[in-house]
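Below you'll find the structure, written out as structure tokens, and then a few comments.
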Amino acid sequence: MNYWLMKSEPDEFSIDDLARRPNQTEGWHGIRNYQARNFMRDAMQIGDRVLFYHSSCKVPAVVGIAEIVSDIYPDASAWDPESPYFDPKSPQDSPRWLQRDIRFIKRFTRPVTLSAIKAHPGLADMLLVQKGSRLSIQPVSEAHWQLIHHMAGESL
DNA sequence: GCCAACGTTGGC
DNA sequence: GCCAACGTTGGC
């Protein structure tokens, strides 16, 4: 099993939105970065755990946990001219953009803020806090996973 | 709203 | 294949 961090802007789609979805599950569409797509396609597996991260908001933070619950499949929003994620260069017969379904597991009672992550020496090599790292889907080591849980006051 | 750090695009 | 111009991300 692998661990991941996935970013979402809470104004667009928050962890509470995820918790309110049917089956508490959402297709993670709209990824338009090749490196993030490749992680999803090649390295992710059903059952992998996800740190759900709120970005571009007042208090950026890991706010909870989700789980990967599907294989990879085409991101249909790339074919929808009405969608903000429309990509005219993604052929119908060879989809450029892909997605998986993720399911809500829990919301942290105590989110782990970006500033707390930056302040913790044990998390200094997290991809999230590397200079210029903008990846919206990134791998997380088991040590970092456990540390984040500890900081959130959650058991594993 | 600013802007640094990236990623992508397209002319050559 | 180079690289300038442009677009995006995301913290602050």
Side-chain angles (χ1 to χ4, degrees), chain A residues 2-21 26-44 48-68 72-102 104-141 143-145 147-154:
Chain A
N2 303 303
Y3 301 104
W4 304 94
L5 181 144
M6 292 167 75
K7 298 179 183 175
S8 188
E9 301 186 17
D11 290 346
E12 299 294 323
F13 190 81
S14 72
I15 193 165
D16 296 321
D17 294 324
L18 180 62
R20 282 192 290 262
R21 280 288 193 264
E26 171 77 354
W28 208 248
H29 63 282
I31 297 299
R32 295 293 179 269
N33 171 282
Y34 290 104
Q35 209 179 342
R37 181 204 65 184
N38 293 347
F39 276 136
M40 255 198 314
R41 184 189 58 195
D42 304 330
M44 243 179 210
D48 284 359
R49 295 291 161 117
V50 175
L51 297 174
F52 197 105
Y53 179 82
H54 282 173
S55 68
S56 291
C57 56
K58 226 169 204 165
V59 185
V62 175
V63 292
I65 301 299
E67 177 186 14
I68 303 299
I72 197 83
Y73 62 98
D75 176 348
S77 68
W79 295 322
D80 176 7
E82 303 301 311
S83 167
Y85 303 114
F86 178 57
D87 179 0
K89 291 181 209 156
S90 180
Q92 282 278 351
D93 54 352
S94 150
R96 175 183 295 197
W97 303 115
L98 307 168
Q99 69 186 75
R100 287 176 184 263
D101 294 344
I102 81 166
F104 174 84
I105 292 182
K106 68 178 162 190
R107 198 190 209 294
F108 288 158
T109 48
R110 199 148 59 89
V112 181
T113 64
L114 178 61
S115 67
I117 290 171
K118 283 181 170 172
H120 198 299
L123 297 174
D125 52 348
M126 258 191 102
L127 237 52
L128 182 69
V129 293
Q130 299 309 305
K131 192 170 81 167
S133 167
R134 304 178 306 171
L135 260 186
S136 60
I137 297 178
Q138 45 185 266
V140 171
S141 74
H144 292 161
W145 176 269
L147 243 181
I148 296 278
H149 271 73
H150 186 254
M151 293 165 77
E154 302 275 347

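Convention: sequence-line order gives letters A, B, ...; per-chain numbering from 1.
- For A:Arg134, whose side chain is taken as the heavy atoms from C-beta onward, the closest listed nucleotide among B:dC6, B:dT9, C:dG11 is B:dC6.
- When every heavy atom of A:Trp79 is checked against every heavy atom of A:Ser90, the shortest pair comes out as NE1-O, 3.0 Å.
- Looking at residues 80-90 of chain A, you'll see that no heavy atom sits under 4.0 Å from any atom of DNA chain C.
- Taking only distance into account, the side chain of A:Arg32 never meets the base of C:dT8 through a donor-acceptor pair shorter than 3.5 Å.
- Taking atom CZ on A:Phe39 and atom C1' on B:dG7, their separation rounds to 15 Å, with Å as the unit.
- Of all nucleotides listed (C:dG10, B:dG7, C:dC12), B:dG7 comes nearest to the side chain of A:Gln35.
- Remark: P of B:dA5 and CD of A:Gln130 are 14 Å apart, rounded to the nearest angstrom.
- Taking every heavy atom of both residues into account, A:Met151 and A:Leu123 meet most closely at SD-CD1, 3.5 Å.
- Rounded to whole Å, the distance from CZ on A:Arg96 to C1' on B:dT9 is 11 Å.
- Among B:dG7, C:dG11, B:dT9, the nucleotide with an atom closest to any side-chain atom of A:Pro60 is C:dG11.
- In this entry the distance linking CG of A:Leu128 with C1' of B:dC6 reads 16 Å, nearest Å.
- Expressed to the nearest 0.5 Å, how far CZ of A:Arg41 lies from CZ of A:Arg37 amounts to 4.5 Å.
- Listed pair A:Lys131 / B:dA4 fails the phosphate criterion, with no side-chain N or O lying under 4.0 Å from OP1 or OP2.
- Of the candidates C:dG10, B:dT9, C:dG11, C:dG11 carries the atom nearest the A:Leu114 side chain, counting heavy atoms from C-beta on.
- A close approach under 4.0 Å does occur between a side-chain nitrogen or oxygen of A:Tyr53 and OP1 or OP2 of C:dG11.
- Among C:dG11, C:dT8, B:dT8, the nucleotide with an atom closest to any side-chain atom of A:Tyr34 is B:dT8.
- Using bins of under 30°, 30° to 60° and over 60° for the plane-to-plane angle, the ring pair A:Trp28/A:Phe13 lands in the perpendicular bin.
- Across all strands shown, A:Lys118 has heavy atoms under 4.0 Å from sugar-phosphate atoms exclusively, and none from any base.
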Q: Would you check, one step at a time, whether the test side chain to side chain donor-acceptor pair (under 3.5 Å) holds for A:Ser77 with A:Asp80?
A: CA-CA 5 Å; A:Ser77 68; A:Asp80 176 7; over 6 Å; no

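- Aromatic ring centroids of A:Trp97 and A:Tyr34 lie under 6.0 Å apart.
- No salt bridge links A:Arg32 with A:Asp87; every basic N to acidic carboxylate O contact stays at or beyond 4.0 Å.
- If you take CD1 of A:Ile137 and P of C:dT9, they are 13 Å apart, rounded to a whole angstrom.
- Look at CG on A:Leu135: it is 17 Å from P on C:dT8, rounded to the nearest Å.
- In this entry the distance linking CD of A:Glu9 with P of C:dC12 reads 15 Å, nearest Å.
- A:Ile117 places its CD1 atom 10 Å from the P atom of C:dG11, with the value rounded to the nearest Å.
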